[in-house]
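The structure appears below as structure tokens.
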Amino acid sequence: MTSTQDHAGPSNPREGWHTTTLKIPFHTPQHAQIAKQAIEVDKEQNAVFVHRELDVEGDTLIATYSTTTIRLLRLSTNSFLSSLDLVIRTMTSFAPDPQDPIISDEELERIRVEANRSTGAGGSIELKGDGVGAGSGEEVK
């Protein structure tokens with residue numbers, strides 16, 4: 001004699017949940033991976049009602065959210081986008097776009113000379129790059 005066991009609830013535990021997928025492109029696969037690692041340390045507060053999956057495909061971060069209500073989906077994705085904004089602004093400061101050219105010392109010197117020339121004479125601030133910390137510009141009298 002065989003017995004069958006009735007399963008309470010739907011066959012798919014997230015059946016009927018509201019789902020959205022966000023795809024965020026980055027400059028490099030490494031940047032996408034850094035963003036994923038920075039965001040995934042923050043666990044969802046309502047893990048019973050909100051499920052989040054973060055994946056990286058090439059240079060794209062993929063975030064998939066499933067929630068029991070549309071309101072939770074909106075709140076969860078808004079929170080994710082707020083965290084992502086902070087991560088992207090931080091990466092912009094500390095991990096620049098690899099497509100941006102690296103300016104040579106000679107180019108910086110040319111920019112300095114041109115900036116000093118364009119300020120005119122008298123009472124302006126001359127840009128002097130002595131290479132010793134910030135604030136090395138002196139007021140010209």
Side-chain angles (χ1 to χ4, degrees), residues 2-141:
T2 62
S3 69
T4 61
Q5 195 173 15
D6 289 340
H7 297 283
S11 59
N12 178 356
R14 293 190 186 92
E15 184 176 312
W17 284 34
H18 305 277
T19 302
T20 190
T21 299
L22 306 169
K23 295 182 178 185
I24 301 94
F26 284 85
H27 295 298
T28 67
Q30 182 184 15
H31 285 176
Q33 188 65 37
I34 291 169
K36 176 184 182 272
Q37 290 171 342
I39 291 171
E40 71 186 355
V41 297
D42 294 328
K43 302 299 179 200
E44 290 299 322
Q45 292 183 358
N46 297 315
V48 174
F49 305 109
V50 178
H51 177 75
R52 175 185 71 193
E53 289 182 29
L54 295 175
D55 294 305
V56 173
E57 290 181 8
D59 62 355
T60 303
L61 173 64
I62 301 171
T64 302
Y65 276 87
S66 298
T67 65
T68 56
T69 67
I70 291 175
R71 180 178 177 271
L72 277 175
L73 186 61
R74 177 181 55 81
L75 293 172
S76 298
T77 54
N78 281 349
S79 176
F80 169 77
L81 292 172
S82 178
S83 296
L84 182 65
D85 177 57
L86 177 61
V87 168
I88 289 173
R89 284 187 287 125
T90 302
M91 289 175 64
T92 300
S93 296
F94 296 104
D97 179 355
Q99 302 300 318
D100 288 347
I102 297 174
I103 299 175
S104 67
D105 290 341
E106 292 80 19
E107 180 67 10
L108 285 173
E109 179 63 16
R110 186 193 64 73
I111 292 168
R112 182 192 70 79
V113 168
E114 186 170 322
N116 287 338
R117 189 175 325 153
S118 67
T119 59
S124 62
I125 294 177
E126 182 177 347
L127 300 175
K128 291 185 176 182
D130 61 4
V132 182
S136 59
E138 296 178 14
E139 187 170 338
V140 177
K141 300 199 187 224

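At least one side-chain heavy atom of Leu61 sits under 4.5 Å from a side-chain heavy atom of Leu84. Looking at Leu86 and Arg89, their side chains come closer than 4.5 Å, going by heavy atoms from C-beta outward. Taking 4.5 Å as the limit, some side-chain heavy atom of Leu54 sits within range of a side-chain heavy atom of Phe80.
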> Could you go step by step and tell me if Leu72 and Tyr65 meet the side chain to side chain contact (heavy atoms under 4.5 Å, CB included) rule?
Replying inline: CA-CA 10 Å; Leu72 277 175; Tyr65 276 87; over 6 Å; no
> Would Phe94 and Ile34 satisfy side chain to side chain contact (heavy atoms under 4.5 Å, CB included), going step by step from the backbone distance to the final call?
Replying inline: CA-CA 12 Å; Phe94 296 104; Ile34 291 169; over 6 Å; no
> Can you check side chain to side chain contact (heavy atoms under 4.5 Å, CB included) on Thr67 and Glu44, steps first, answer last?
Replying inline: CA-CA 11 Å; Thr67 65; Glu44 290 299 322; over 6 Å; no
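The residue from Ile62, Val56, Val87 that alone fulfils the side-chain contact (heavy atoms from CB on, under 4.5 Å) condition with Lys36 is Val56.
Distance check, rounded to the nearest 0.5 Å: OG1 of Thr19 to CG of Leu73 gives 7.5 Å. With rounding to the nearest 0.5 angstrom, the CD atom of Gln45 is 9.5 Å from the OG atom of Ser76. The distance from the CE atom of Met91 to the CZ atom of Phe26 is 5.5 Å, given to the nearest 0.5 Å. The distance from the CD1 atom of Ile24 to the CG atom of Asp59 is 11.5 Å, given to the nearest 0.5 Å. Here the straight-line distance linking atom CG of Leu81 with atom CD1 of Ile39 works out to 9.0 Å at 0.5 Å rounding. Here Asp55 contributes atom CG and Gln33 contributes atom CD; the two are 10.0 Å apart, rounded to the nearest 0.5 Å.
Between Lys23 and Thr60, the closest heavy-atom pair is CB-CG2, 3.9 Å. Contact record, Gly58 with Ala32: O-CB, 4.3 Å, taken as the closest heavy-atom pair.
Counting only distance, with no hydrogens or angles, the side chain of Ser79 and the backbone of Leu75 share no donor-acceptor pair below 3.5 Å.
At a threshold of 4.0 Å, the pair Glu114-Arg110 counts as salt-bridged, since one of the basic side-chain nitrogens sits closer than that to a carboxylate oxygen.
Heavy-atom neighbours of Gln30 CD from other residues, nucleotides or ligands within 6.0 Å: at or below the threshold of 12.
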